[in-house]
Protein chains: 2
Amino acid sequence: MSPKIEKKDKILDAAEALFAYHGYDGVTMRKIASEAGVDLALAGYHFGKKMDVFEAVFQRRAGELNRTRLEALQKVQAEAGKSGPTIEKIIEAFLLPLEIAQESPDPGWKNYLALIAYVNNSAVWGEKLMSSTFDALVLEFLAAIKKAMPDADEEKIYWCYHNLSGALTLTLAQTGRIDRLSNNKCHSSDFQTAYGIMIPFVAAGFKEACKG
Amino acid sequence: MSPKIEKKDKILDAAEALFAYHGYDGVTMRKIASEAGVDLALAGYHFGKKMDVFEAVFQRRAGELNRTRLEALQKVQAEAGKSGPTIEKIIEAFLLPLEIAQESPDPGWKNYLALIAYVNNSAVWGEKLMSSTFDALVLEFLAAIKKAMPDADEEKIYWCYHNLSGALTLTLAQTGRIDRLSNNKCHSSDFQTAYGIMIPFVAAGFKEACKG
DNA sequence: GTCTATACCGTGATAGAC
DNA sequence: GTCTATCACGGTATAGAC
């Protein structure tokens, strides 16, 4: 019983890493195959066209991610009881499953979340993949936020979520820019610090910007 | 004297729009030339290789953008006098020049800022272009923020800027996701609302997250 | 059913002739 | 400035090995 990884999974792993870093058009089927150590035609055999490989990569971890985040939301809701959780707790439930994934021993998660950053910032891909895969979950979180801020204007809540989504996305993208900007005092790879600051930052932003 | 636009500029305009939407690898020299209505070889004649076209597009408006934003910062500093401007005013000076550019009659600005979103979210391009072109200006703003929050931890200020940068980037990217998420109550193209909410959101975030 | 070798044919960047 | 040739690369299909 060897710890054999299916070639099919190796293809997805390689494609995940490459797409995350180079984007769809910056990757070739040949690079994916060679990185995965398999024959060029095998990706086509398993998945079909290049676009199908991309979608297979995108969908592979989406279900688990949605489930984990929903559970985190339900947990803080159960703990809070009838009055419902605070904004801080809701934001935390939204973000911490990502931190856990990024720090998991499977490095594929880090690549996957960087891929999400790529998709979320792209007008081309956003519609096709991002909204259909994640918006149902996001609406659950927004419903919780509305309950925690009953006087807030709905439109403002969407825009505040947009700000959260952007801050998160840049974190997922792992660009290294903060390293250079801060003269190496901060590091893109330091997720713990990133989320530790993002949570109070975003919670305060929601509270202030949704006033009135 | 016709209002003749140089072919050279037409090439940059076409490349700007295409790169912003499709990314570097999603664009071909042929598409740029055909969109610009010029011969394929002309782009090479003027700019050299494809990569050089990309950099020419990126640099074309960078100087003006940096100048406008610096002037906006200096203006609020002059108005505030010795005590220095508030966080809100500094963030406003950082963002409003972008809103003005996006709403300018030259549609190229909107494309250019979407291109910046593409570059800023990419680990590949970030280092090569983003930091070298814009970090000097960003450090001016961060110095002003440090002065407005003398007790804040420096590292936290960088991370707060990271959050601002992400929220801004997603706005520049014009993905249309907020339209779908909000069931068309909000629109990616509604910059006025976007910045109107982003400014108090981010200012409150800085104040809260930099405490202690 | 899984995988490999290879061929096809279009497309693309670039250089050099004009 | 423009036209065209070159030559590499890329997506995909197919034939057949294990």
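Each chain gets a letter, A, B and so on, in the order its sequence line appears, and its residues count up from 1.
A sub-4.0 Å separation between OP1 or OP2 of C/dT4 and a side-chain N or O of A/K7 is present.
Pairs engaging residues 25-35 of chain A under the side-chain hydrogen bond (donor to acceptor under 3.5 Å, both in side chains) rule: none recorded [sequence neighbours left out]. The stretch residues 152-177 of chain B participates, sequence neighbours left out, in these ring pair (Phe, Tyr, Trp, His ring centres under 6.0 Å) pairs: B/F94-B/Y161, B/W159-B/H162.
Shown for residues 15-41 of chain B: residues whose heavy atoms fall under 4.0 angstrom of DNA chain D, namely B/D39, B/A41. Of all the residues in residues 42-50 of chain B, B/K49, B/K50 reach under 4.0 Å from DNA chain C with at least one non-hydrogen atom.
Within a 6.0 Å sphere centred on CG of A/N184, other residues, nucleotides and ligands contribute more than 12 heavy atoms. Annotation for B/K50: atom NZ counts as buried by contact number, over 12 foreign heavy atoms lying within 6.0 Å.
Side-chain N/O atoms of A/N120 and A/S165 include a donor and acceptor closer than 3.5 Å.
Distance A/D52 CG to D/dG11 P: 13 Å, rounded to the nearest Å.
Two rings, from B/Y24 and B/W125, have their centers less than 6.0 Å apart.
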Please test B/Y112 against B/E64 for side chain to side chain donor-acceptor pair (under 3.5 Å), starting from the C-alpha separation and ending with a verdict. CA-CA 12 Å; B/Y112 179 69; B/E64 183 178 342; over 6 Å; no
B/F19 and B/Y118: CA distance, side-chain angles, deciding distance, ring pair (Phe, Tyr, Trp, His ring centres under 6.0 Å) verdict: CA-CA 9 Å; B/F19 283 136; B/Y118 164 73; 8.2 Å; no
Which dot-bracket string fits DNA chain C when only Watson-Crick or G-U wobble pairs with both atom distances under 3.5 Å count, crossing pairs get [ ], and | stands for a partner on a different strand? ||||||||||||||||||
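The salt bridge (Lys or Arg N to Asp or Glu O under 4.0 Å) test with A/K146 singles out one residue from A/E154, A/E140, A/E155, and that residue is A/E154.
B/K185 pairs by the side chain to side chain donor-acceptor pair (under 3.5 Å) definition with nothing, not counting sequence neighbours.
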